[in-house]
Asker: 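Take this structure, written in structure tokens, and hold onto it; I'll ask about it next.
Fair warning: this is a prediction, and the values are worked out from it, not measured in the lab. Computed from heavy atoms alone, side chains included, the values below leave out hydrogens, waters and symmetry copies. In what follows, chains carry the letters A, B, and so on, assigned in the order in which the sequence lines appear, proteins first and then strands, with residues in each chain numbered from 1.
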2 protein chains.
Amino acid sequence: MQMKTAEITEEVAEELTVDCGQGSSHTDCHKVIIPVRDALDVISGKWKLPIIIAVSRGHKRFRDIERSIPKITSKVLSKELKDLEAHKLVKRTVYDTQPVSVEYTLTSYAATLDSVILALQRWGIQHRKKIIGK
Amino acid sequence: MQMKTAEITEEVAEELTVDCGQGSSHTDCHKVIIPVRDALDVISGKWKLPIIIAVSRGHKRFRDIERSIPKITSKVLSKELKDLEAHKLVKRTVYDTQPVSVEYTLTSYAATLDSVILALQRWGIQHRKKIIGK
DNA sequence: CCGCATCCCCAAGGATACTG
DNA sequence: CAGTATCCTTGGGGATGCGG
């Protein structure tokens, strides 16, 4: 079982370019694409946001988080928490009790995501209106 | 073959909630999750960004777009363009030439994505530094 | 040129059960 | 409690080929 987590899209850099054609302005194509994909890899997926929110709301214990998110399985939760930890968004603390208890909390770094989430949220709200409501 | 495109996550609304536990502040959980997922559905995925960028750079013809994006297949491009069109980000214009030619352009609405993309890009850049560079 | 149809593969993730 | 292990399904997307 080798370190599979925290793979910050390494190889992709070459392939996901776009041939800009005419003299391409300074905003070089893949200087947009790569960072955006990095960011998306961290927060997209079915469970990342629910987990981040659950933890931010004070659910710290594994079971606690699991119960607070309908339909998630322990396997998936386990994996996602590892990912989030690898990306320094979540901190895992083990307490030497009997049996061991583990607490998950958001790191202060996680707060840097706020502006991103807010931008997505705003756009999502107005977009739903545009597509459905119209 | 029923309309599969432009599905703005309808059903999910119920399941993807988080039990907020203690008196949950006004930012209600799934009022964050649902819009964010809506937004992510539009721009995440392997090809959405490359396509948007390619089109914005003046690649209008199908073949032209296809050639400008390494490794994409016509099937995928076709599907993605339909998605983007359904979300009003891309406009498809058919010209009555022989044989027919088709042009894809960004709608003015697509510009509203800029702030979202910028937020993702900024965060992605600094995040890569944090994870790799550190 | 602009796509759609078909076949195929594989990894994400559900269900279920089990350990320290 | 805090996860792992195993099995199995599913659909996204690559490869290829054809039709308007």
Asker: Looking at B/Arg61, I'd like to know whether one of its side-chain N or O atoms comes within less than 4.0 Å of OP1 or OP2 on C/dC1.
Answerer: no

Asker: How many Å lie between NZ on B/Lys82 and P on D/dG12, as a whole number?
Answerer: 15 Å

Asker: For B/Ser78 and B/Arg67, find the nucleotide of DNA chain C closest to each by heavy atoms; which residue's nucleotide sits nearer the 5' end?
Answerer: B/Arg67

Asker: A/Lys48 has an atom NZ; how far is it from atom C1' of C/dG13, in whole Å?
Answerer: 13 Å

Asker: Look at B/Lys46 and D/dG12 and indicate whether a side-chain polar atom (N or O) is within less than 4.0 Å of OP1 or OP2.
Answerer: no

Asker: Return whichever of B/Lys75 or A/Lys75 has its heavy-atom-nearest nucleotide of DNA chain C closer to the 5' end.
Answerer: B/Lys75

Asker: In whole angstrom, what separates B/Arg92's CZ from C/dC2's P?
Answerer: 10 Å

Asker: Is the distance from OP1 or OP2 of C/dC2 to the nearest side-chain N or O of B/Arg63 less than 4.0 Å?
Answerer: no

Asker: Separation of A/Glu80 atom CD from C/dG14 atom C1', in whole Å?
Answerer: 14 Å

Asker: What integer distance in Å separates B/Leu77:CG from D/dG13:P?
Answerer: 13 Å

Asker: If you find the nucleotide of DNA chain D closest to A/Pro99 and the one closest to A/Ser74, which residue's nucleotide is nearer the 5' end?
Answerer: A/Pro99

Asker: What is the separation between atom CD on A/Glu103 and atom C1' on D/dG3, rounded to the nearest whole Å?
Answerer: 17 Å

Asker: For the atom pair CD1 (B/Ile72) and OG (B/Ser78), what is the distance rounded to the nearest 0.5 Å?
Answerer: 10.0 Å

Asker: Nearest whole angstrom, please: distance from the P of D/dC1 to the CG of A/Asp96.
Answerer: 18 Å

Asker: Give a yes/no answer on whether the side chain of B/Thr73 brings an N or O atom under 4.0 Å of OP1 or OP2 in D/dG13.
Answerer: no

Asker: Identify whether any heavy atom of B/Tyr104 sits under 4.0 Å from a base atom; if not, whether one sits that close to sugar-phosphate; answer base, sugar-phosphate or nothing.
Answerer: sugar-phosphate

Asker: First locate atom CG of A/Leu49, then atom CZ of B/Arg37, and finally report the distance between them rounded to the nearest 0.5 Å.
Answerer: 8.0 Å

Asker: Report yes if the side chains of B/Lys60 and B/Val55 come closer than 4.5 Å at any heavy-atom pair, otherwise no.
Answerer: no

Asker: Report the residue from A/Thr112, A/Asp114, A/Asp38 that forms a side chain to side chain donor-acceptor pair (under 3.5 Å) with B/Trp123.
Answerer: A/Thr112

Asker: Which whole-number value in Å describes the distance from A/Ile51 CD1 to D/dG3 P?
Answerer: 12 Å

Asker: Determine, for B/Tyr109 and A/Lys130, whether the Lys NZ or Arg CZ falls below 6.0 Å from the six-membered ring centre while staying within 45 degrees of the axis.
Answerer: yes

Asker: For B/Val100 and B/Ile72, find the nucleotide of DNA chain D closest to each by heavy atoms; which residue's nucleotide sits nearer the 5' end?
Answerer: B/Ile72

